[in-house]
Visitor: 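Have a look at the structure that comes next, please.
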2 protein chains.
Amino acid sequence: MQCTEKAPSKESTLALRDTIELLGGKWRICILRNLSFGEMRFKDLQETVIGISPKVLSKELQDLEQNRLITRTVNNTKPVTVSYAITAHAAHTVPVINALLEFGLLHRRKIKST
Amino acid sequence: MQCTEKAPSKESTLALRDTIELLGGKWRICILRNLSFGEMRFKDLQETVIGISPKVLSKELQDLEQNRLITRTVNNTKPVTVSYAITAHAAHTVPVINALLEFGLLHRRKIKST
DNA sequence: CTGTATCCAGCAAGATACTG
DNA sequence: CAGTATCTTGCTGGATACAG
């Protein structure tokens, strides 16, 4: 669907809310972006997603997996390692996430300069 | 800045967090999208942003105004009306928001069909 | 119409410690 | 390494009423 609406419909408002629920929160977008560079293990994510606690990371990963945005793979190594990767479906969000990032950088300059 | 990174830098992670803080939460993106169709008054928003309470709407609008994402204009009518409009700066986010919306629609179909 | 005041519940999330 | 358990707090945001 291309968005060609001339006014905000209730339907689109609700759909947008779904997306926000899906990707919203403090961490999920960051996690997805990090995974967009390649698969990572739990510990990698814990280091790269600055400030997240293992409990919260665990929960977020479960949520993302349930929504088919990431995959979880247990590697048969010793000790066991677990790899997380982004799904093809979630890869669609990467350009959007980058756009958000760029807006953030732009915004910082904008606000600072006033 | 075009994002050409090969790995997630701390800097970009933090910048992304800024954006999430800026646009995150349950309501702001919806508000911005609604305003992207043209200026609206408080009451219009209250009706279109389904489920928001006046207190929360008021607070969100203040936050958005402080970040220069919307403008607030008091009209000299009787009784007084107030118009909210998106700034040129925030207009940059509109395509991104629409991309999020479309992803949400896509996602719904994806999840349902499994 | 455009908000603010008050009161309150629930949950996200932090700290920390612990397990397989 | 990859999490889970527990305990606690602070804030988001809901309901409702009221004010300029």
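Please read these numbers as outputs of a predicted model, since none were measured by experiment. To find a chain, count down the sequence lines: A is the first, B the second, and so on, and within it residues start at 1.
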Visitor: Should Ser58(A) be listed as having a side-chain N or O under 4.0 Å from OP1 or OP2 of dT4(D)?
Guide: yes
Visitor: Would you say a side-chain N or O of Lys43(A) is under 4.0 Å from OP1 or OP2 of dC1(D)?
Guide: yes
Visitor: Would you classify Ser53(B) as touching base, sugar-phosphate or nothing, given that sugar-phosphate means primed atoms plus P, OP1 and OP2, and contacts are heavy atoms under 4.0 Å?
Guide: nothing
Visitor: Can you measure Lys26(B) atom NZ to dG10(C) atom P for me and round it to whole angstrom units?
Guide: 14 Å
Visitor: Looking at every non-hydrogen atom in both residues, tell me the closest pair between Thr13(A) and Thr48(B) and how far apart they are.
Guide: CG2-O, 3.9 Å
Visitor: Does Lys59(B) put a side-chain nitrogen or oxygen below 4.0 Å from OP1 or OP2 of dT4(C)?
Guide: no
Visitor: Round to a whole Å and report the spacing from CZ of Phe42(A) to C1' of dT19(C).
Guide: 14 Å
Visitor: What's the NZ-C1' distance between Lys55(B) and dC7(C), to the nearest Å?
Guide: 9 Å
Visitor: Any ion pair linking Glu47(B) and Lys43(B) (charged N to carboxylate O, less than 4.0 Å)?
Guide: yes
Visitor: By nearest atom, which of the nucleotides dC1(D), dG3(D), dA17(D) is closest to the Pro54(B) side chain?
Guide: dA17(D)
Visitor: I need the CG-P distance between Leu61(A) and dC1(D), as an integer number of Å.
Guide: 16 Å
Visitor: Give the rounded distance in Å between these two atoms: CD of Gln46(B) and C1' of dT16(D).
Guide: 13 Å
Visitor: dC1(C) P sits how many Å from Met40(B) CE, rounded?
Guide: 13 Å
Visitor: So, the side chain of Arg33(A) versus the backbone of Leu101(A): is there a donor-acceptor pair under 3.5 Å, distance only?
Guide: no
Visitor: So if I take every side-chain heavy atom of Arg72(B) and compare against dA15(C), dA2(D), dG3(C), which nucleotide ends up nearest?
Guide: dG3(C)
Visitor: Take Ile52(A) and Leu45(A) through the side-chain contact (heavy atoms from CB on, under 4.5 Å) test and state the conclusion after the steps.
Guide: CA-CA 9 Å; Ile52(A) 199 168; Leu45(A) 285 168; over 6 Å; no
Visitor: Separation of Ile50(A) atom CD1 from dG14(C) atom P, in whole Å?
Guide: 13 Å
Visitor: Roughly, in whole Å, what's the span from CG in Asp44(A) to P in dG3(D)?
Guide: 12 Å
Visitor: Between His107(B) and His89(A), how do the two ring planes meet: parallel, tilted or perpendicular, split at 30° and 60°?
Guide: parallel
Visitor: Tell me which nucleotide among dG3(D), dG13(D), dT2(C) gets nearest to the side chain of Tyr84(A).
Guide: dG3(D)
Visitor: Should Gln62(B) be listed as having a side-chain N or O under 4.0 Å from OP1 or OP2 of dT2(C)?
Guide: no
